[in-house]
Amino acid sequence: MPDETFPIEIEGESLSLRFEDADVREIEKNISLFVAFHPINRTYDNAALILWRGLRRKDDAGNIVYAIQQGPPGQALAFQKVKAFCKQFGGPAAGMLVLYGSFHKGLVASGWFGEPKEDPAPAGKPEEDHPKN
């Protein structure tokens, strides 16, 4: 598994997202990652679950460790971190869209998803519109 992470800032603290096998298994006990990204499933509870398992920080030795305790008290803290993250953005959906975008990039960095490939550039010049006579 890649040792890469995706940076995220919450309450002025620089953290990162990384999802290892055990994290994804724990998330999928509650919600499948196949459906978690559908707008109807972007709830604060689901976001807290994903954040709880994926949020990391560096310890004093420079190792990447969980930023939130992996027990029940940690789940409550993860919910508060989702709230703190989302309140930075206006409207009810903006913060959640940015947060789920960060989750996606964290899963890509962790090797769970690939990035979509860009469409190749057109081979020739685009046809210009010519006025008809």
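The figures here come from the full heavy-atom set of this structure, side chains too, leaving out hydrogens, waters and symmetry mates. Positions are given from 1 along the sequence.
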*Asks:* Apply the side chain to side chain contact (heavy atoms under 4.5 Å, CB included) test between Phe37 and each candidate in Asn41, Val35, Leu33; give the one that qualifies.
*Replies:* Leu33

*Asks:* How close do Thr5 and Ile64 get, counting heavy atoms only, and between which atoms?
*Replies:* CG2-CD1, 3.8 Å

*Asks:* Measuring only between side-chain heavy atoms, which start at C-beta, is Leu17 closer than 4.5 Å to Leu51?
*Replies:* yes

*Asks:* Mind checking the CG-CZ spacing from Leu107 to Arg18? Nearest 0.5 Å is all I need.
*Replies:* 13.0 Å

*Asks:* Nearest 0.5 angstrom please: Tyr100 OH to Ile50 CD1, how far?
*Replies:* 4.0 Å

*Asks:* Could you measure the distance from the CZ atom of Phe103 to the CZ atom of Arg53? Nearest 0.5 Å is fine.
*Replies:* 13.5 Å

*Asks:* Begin from the C-alpha positions of Trp112 and Val24 and carry the test side-chain contact (heavy atoms from CB on, under 4.5 Å) through to its verdict.
*Replies:* CA-CA 9 Å; Trp112 286 98; Val24 171; 3.4 Å; yes

*Asks:* In terms of hydrophobic clusters joined by side-chain contacts under 4.5 Å, are Tyr44 and Leu55 together?
*Replies:* yes

*Asks:* What is the minimum heavy-atom distance between Ala78 and Ala48, and which atoms define it?
*Replies:* CB-O, 3.4 Å

*Asks:* How close do Ala47 and Met96 get, heavy atom to heavy atom, and via which atoms?
*Replies:* CB-SD, 3.9 Å

*Asks:* Measure up the Phe85 and Phe89 rings against each other and bin them: parallel (under 30°), tilted (30 to 60°), perpendicular (over 60°).
*Replies:* tilted

*Asks:* Do you see a donor-acceptor pair shorter than 3.5 Å between the side chains of Asp23 and Tyr66?
*Replies:* yes

*Asks:* Nearest 0.5 Å please: distance from the CD atom of Gln80 over to the CD atom of Glu11.
*Replies:* 8.5 Å

*Asks:* Can you tell whether the side chains of Glu26 and Lys29 come within less than 4.0 Å, N to carboxylate O?
*Replies:* yes

*Asks:* Do you know the tightest heavy-atom contact between Gly106 and Ser110?
*Replies:* O-OG, 2.8 Å

*Asks:* Do you know the tightest heavy-atom contact between Gly71 and Trp52?
*Replies:* O-NE1, 3.7 Å

*Asks:* What distance do His104 atom NE2 and Leu99 atom CG have between them, rounded to the nearest 0.5 Å?
*Replies:* 13.5 Å

*Asks:* Looking at Glu9 and Ser16, would you say the former's side chain and the latter's main chain have a donor-acceptor pair under 3.5 Å?
*Replies:* no

*Asks:* Between the side chains of Arg57 and Glu13, is the shortest nitrogen-to-carboxylate-oxygen separation below 4.0 Å, so that they form an ion pair?
*Replies:* no

*Asks:* With rounding to the nearest 0.5 Å, note down the distance linking CD1 in Ile27 to CZ in Phe19.
*Replies:* 5.5 Å

